[in-house]
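Below: one structure, written as structure tokens.
Chain identifiers are assigned alphabetically (A, B, ...) following the order of the sequence lines, protein sequences preceding nucleic acid strands; residue numbering begins at 1 within each chain.
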Amino acid sequence: MKIDFIPIDYDHFEFNKRDIIKVIGRTDKGKRLCLFDEIDSFFWVLLDKKLSKEKIKSAIKKIEKVRIKEEGKDIKAIKIIPVEKNFLGKPVTALKIFTKNNAEMKVLANKVESENFTVRGNDLNIITRYIIEKDLIPSYWYEVEGDILTEDSLDFGGIQKSLDVEFCLKLKKTKVYDQFEKSFNPKAVAFDIECDDISLGEGEILMISLASSEGFKKVLTWKKPSHGRKPEYVEILKDEKEMLEKFSEYVSKISPDFLVGYYSDHFDFPYIKTRAEKLKAKINLGIDGSGLKLTKGKNVAGKIKGIVHIDLLNFIDTAYSQYMQSETLSLNEVAKEFLGEEKVKFEFKHSSKMEDSEWEKYYEYNLHDSVLTIKLFEKMWPDLMEFSRVIQEPIFEVSRNGMSKNVESYILHNLKQFNEVPEKKPEHDELSERRNRERYEGAFVFEPIPGLYENIAMFDFTSSYGSVIVTYNLSKATLLEKPEKDAYSIETLGKKVYFSKKPGFLPEILKEIISKRKQFKKELKEKPDAIKKARSNAFKLLANSYYGYQGFFGARYYCVEAAAASAAFARKAIQEVIEKITKEKHKVIYSDTDSIAFLRGKSSHEEIKKLLEKINKGLPGIMELELEGFFKRGIWVTKRTGEIGAKKKYALRGEDGKLKIRGFETVRRDWCKLARDTQNRVIRLVLDEGNEKKALEYVKEVIKKLKERKIDKKEILIRTQLKKPLSEYKAISPHVIAARKMIEQEIPIAHGSLIEYYIAETLEKKKLVREKVKLPEEKGEYNLEYYLTKQILPSVENILQVFNVETKNLVEGKKQTTLGDF
DNA sequence: GAAGTGGATATACC
DNA sequence: ACTGGTATATCCACTTC
């Protein structure tokens, strides 16, 4: 039979010692379908290209003789074929060595490697290999053809009987549809739990909420107010165990493609798993009746067979966080930014101390978290789907992997067109060697002259490093061992490095990424839609991560020379542009990595655009400069120490009215709100009027209020992230003290928490800031001197200094407010 | 015990 | 450890006088 199908989840099992891949997805009629497909297992042995036929034959013979006999197993190659392949761009004769199955392949490959053969391809994930071999890419629509596996079919040992899907198909043929022909709205359900104790499985789960894409909403609990009244969406069960089983029952009934949580890999999922095991509650959500699983390894992930568990937090981190305004990735802030909606406000207390009247609010709070999560999922679905399509890995993977892994997956899935054998993952020794390498020189940053400037234009390179890599063909495979005349070369790492001019596969792959990004960006502009936007963004992220990937120690295609040369060529390129702009009589005032700000002077927009065109004509390869924008005014300040201009710190008012603030305390979350807001106001006043008087008046007002102790406590709270376990801190800074206090008071601190505190007046004179730390709830007066001299003044003095306003006199009389005032 | 300096730490920029 | 390097700034830890 033929049917339209979209692959979502991949799994595999062994039957009769053969690997069978199960692909779970939906048909266009919304039915769940499982495809069964057999896959061959093989790895590569690389031989020298110049080897004679006899030598190749003898290598084959030698490998044929390799056998591993253990525990009744007899592992050996079942077929060996010599194939002409490329490895790192060079032709090689490769032996394709087939084994019975994946497990045997791994064992045999290791044994063959130990006999001094160069082995490759044995470290690919079996699902990745399947997708490459069979071209059945996740999240694309296919017309699939195959035989229905009837109840009594024994083709795969009758396993289809135990699968909770509409039907199973033994796959014969597939035909892919055009990516934009069909949309797909997945079934998804979000979940969230509430507990008294946040340490995994320590306490009981009080309630679980569910919210589905189809409008299903439910709170399951076994806790209730004494009067027994409850909202209609709440279902009260006998005990925790029954609640867990009910959860499983509801999810099964919904039969979703995705089970979505927020931070659920590290909390909700393992918590439910632990409690279910302890209480012997049956949670058989897997399509084969299996339970909740946690993946092994350092990064735990919750897994259910046939239902893709997604922890949205992970995906937000890799796909969005760099463009976001939110200062944390908490559900509350993220929902605010993406949905314009916040969490239900609720003050936690232990369930044993919960008043009757408070339960309803608690239920509502719990439900709303799931509602926000499902809404976020729907908002992010186009990106999840496009990431998966572009990178060609299942959504479970792309939603969890960082960009380096995603870049690598993209590369692996695109090797076929270059007939390339995949490079191996670095092993232990190699890893530590790479990690300990010396750092190479990175980007160029222009030292600005502090001041207020008018009529500024800014250019920047499109995909700067990416276009450098493509233009100069920088990669592991194109790096030349010896100097060559006709090659790209540059001085870096204390030597001259050379790269071949013959296009290498890695830069070629990147070239395609950049051109696709351009194409989709253009199409998006012409006819916007969410899918195109997502696709364009996926390519953009890939292009931007390619440089970092080549310098990342964990990369298969790691190459410091390529990474260092990328930075060196980029420095050269930007400096040449700075020279050109200067020659055109425009004063360059700032530049960082790939952008240049300069004074437009009396030149019109058109003239600046012409200048841009002129510069672009002279740029090599695919390098391209674009107009970032025109700005009315901008301010650059000195460093706090010394007279020289501070880098990475400036503020601009665009001609379009938009404010662009970089590096200032305003944008730093570890400064108190008062200092940030004051600075922000000062920047605005200065940029809008070009006049410091109002700004100065404003600062005086703030200081007056501060001295009169009229400032609200929440304005002076300082938030600092705890980035490692408390015991590992060598320097005991204020936020460490605050965290210690929290632990004393049994306030839970999650990994990576933002610690809030303020600096208070103390009875005795204390020298260190940390000795004056108090938690927000702790009674006390804010330390006037600290907030004046360490928060407010530092935040505005460099800005006012530009106008020769001395700020020292602003704090006069600060001493009157020490001990005597209390 | 004050002053100076380097280290540890957090955060931002691109 | 989960892309890279560049940069500012604070506060602690330690040395020196």
Side-chain angles (χ1 to χ4, degrees), chain A residues 297-299 314 317-318 322-323 327-328 400-408 425-426 431-432 434-435 437-448 460-461 463-466 469 541-555 557-560 562-564 566-568 570-571 574 590-596 628 637-642 644-650 660-671 718-724 728-737 752 754-755 759 767-773 786 789-791 794-795 798:
Chain A
K298 216 185 162 202
N299 279 334
N314 279 314
D317 202 6
T318 46
Q322 66 177 123
Y323 308 114
E327 282 168 14
T328 70
R400 285 176 174 78
N401 292 339
M403 277 317 288
S404 70
K405 194 78 203 293
N406 285 336
V407 166
E408 188 155 284
K425 284 187 204 160
L431 276 175
S432 57
R434 288 179 184 184
R435 209 176 310 165
R437 73 155 162 80
E438 270 189 50
R439 285 161 68 115
Y440 59 83
E441 189 183 343
F444 166 72
V445 189
F446 189 97
E447 188 192 300
D460 63 12
F461 279 105
S463 299
S464 164
Y465 283 107
I469 292 169
L541 285 171
L542 279 175
N544 289 345
S545 313
Y546 222 85
Y547 155 72
Y549 171 79
Q550 296 206 87
F552 169 50
F553 61 80
Y557 294 102
Y558 171 83
C559 182
V560 229
S566 307
R571 283 196 302 273
I574 199 110
Y590 188 61
S591 165
D592 185 348
T593 313
D594 59 357
S595 69
I596 300 157
E628 220 281 318
V637 299
T638 61
K639 293 208 277 185
R640 203 142 290 155
T641 52
I644 63 165
K647 299 171 177 180
K648 299 191 184 285
K649 247 186 170 184
Y650 60 89
K660 183 173 177 150
I661 302 183
R662 294 290 122 99
F664 276 115
E665 284 72 14
T666 302
V667 298
R668 292 185 62 98
R669 68 172 183 197
D670 56 349
W671 282 68
I718 297 167
R719 300 198 298 171
T720 313
Q721 192 184 19
L722 201 63
K723 301 188 87 163
K724 52 186 178 187
E728 281 173 28
Y729 279 89
K730 283 182 204 162
I732 310 305
S733 42
H735 79 297
V736 175
I737 294 296
L754 272 189
I755 307 295
I759 306 304
K767 221 179 107 190
L768 296 174
V769 177
R770 67 167 176 223
E771 293 168 318
K772 302 171 217 171
V773 165
Y786 179 83
T789 62
K790 298 290 181 181
Q791 294 275 332
S795 74
N798 295 101

Using a heavy-atom cut-off of 4.0 Å across all strands, would you classify [X] as base, sugar-phosphate, or nothing?
X: A:F461; answer: nothing
X: A:Q550; answer: nothing
X: A:F444; answer: nothing
X: A:Y590; answer: nothing
X: A:L768; answer: sugar-phosphate
X: A:Y465; answer: nothing
X: A:N544; answer: nothing
X: A:G442; answer: sugar-phosphate
X: A:K723; answer: base
X: A:G554; answer: nothing
X: A:A443; answer: sugar-phosphate

Look at the side chain of A:R669 against the base of B:dT11 and say whether a donor-acceptor pair falls under 3.5 Å; ignore hydrogens and angles. no
Closest listed nucleotide, where the reference is the side chain of [X] and the choices are [options]:
X: A:E665; options: C:dT6, C:dC12, C:dA9; value: C:dA9
X: A:T593; options: B:dC14, C:dG4, B:dC13; value: B:dC14
X: A:S733; options: B:dT11, C:dG4, C:dC12; value: C:dC12
X: A:K649; options: C:dC11, C:dA9, B:dC14; value: C:dA9
X: A:K647; options: C:dC11, C:dA7, B:dA10; value: C:dA7
X: A:V445; options: C:dA7, C:dA1, B:dC13; value: C:dA7
X: A:W671; options: C:dC12, C:dT10, C:dT6; value: C:dT10
X: A:A646; options: B:dA12, C:dC2, C:dT8; value: C:dT8
X: A:R437; options: C:dT6, C:dG5, C:dC11; value: C:dG5

When you check the phosphate oxygens OP1 and OP2 of [N], does a side-chain N or O of [X] lie under 4.0 Å from one of them?
X: A:K724; N: B:dA10; answer: no
X: A:R640; N: C:dT10; answer: yes
X: A:K639; N: C:dT8; answer: yes
X: A:Q721; N: B:dT11; answer: yes
X: A:R770; N: C:dA13; answer: yes
X: A:R668; N: C:dA9; answer: no
X: A:K648; N: B:dC13; answer: no
X: A:S404; N: C:dT3; answer: yes
X: A:Y650; N: B:dC14; answer: yes
X: A:H735; N: B:dT9; answer: no

Of A:Y549 and A:R439, the one whose closest nucleotide on DNA chain C sits nearer the 5' end is A:Y549
Heavy-atom count around [X] [atom1] within 6.0 Å, excluding the residue itself: above 12?
X: A:K405; atom1: NZ; answer: no
X: A:K790; atom1: NZ; answer: no
X: A:K767; atom1: NZ; answer: no

For C:dC2 and B:dA10, measure between their P atoms and round to the nearest Å. 14 Å
Euclidean distance for P, C:dA1 against C:dG5 (whole angstrom): 15 Å
To the nearest Å, how far apart are [X] [atom1] and [N] [atom2]?
X: A:E728; N: B:dT9; atom1: CD; atom2: P; answer: 9 Å
X: A:N798; N: C:dA7; atom1: CG; atom2: P; answer: 18 Å
X: A:D670; N: B:dA8; atom1: CG; atom2: C1'; answer: 14 Å
X: A:I718; N: C:dC11; atom1: CD1; atom2: C1'; answer: 12 Å
X: A:I759; N: C:dC11; atom1: CD1; atom2: C1'; answer: 10 Å
X: A:E771; N: C:dT10; atom1: CD; atom2: C1'; answer: 16 Å
X: A:Y547; N: C:dG4; atom1: OH; atom2: P; answer: 9 Å
X: A:Q322; N: B:dC13; atom1: CD; atom2: C1'; answer: 12 Å

Please tell me if the side chains of [X] and [Y] come closer than 4.5 Å, counting only heavy atoms from C-beta onward.
X: A:Y650; Y: A:K660; value: yes
X: A:E327; Y: A:L754; value: no
X: A:Q322; Y: A:L541; value: yes
X: A:Y546; Y: A:M403; value: no
X: A:N406; Y: A:S545; value: no

Without hydrogens or angle criteria, can the side chains of A:T638 and A:N798 be said to hold a donor-acceptor pair below 3.5 Å? yes
Can you tell whether the side chains of A:D592 and A:K647 come within less than 4.0 Å, N to carboxylate O? no
Electrostatic pair A:K723-A:E728, nearest N-O below 4.0 angstrom: no
Where do N or O atoms of nucleotides 14-17 of chain C meet protein N or O atoms at under 3.5 Å, pair by pair?
none

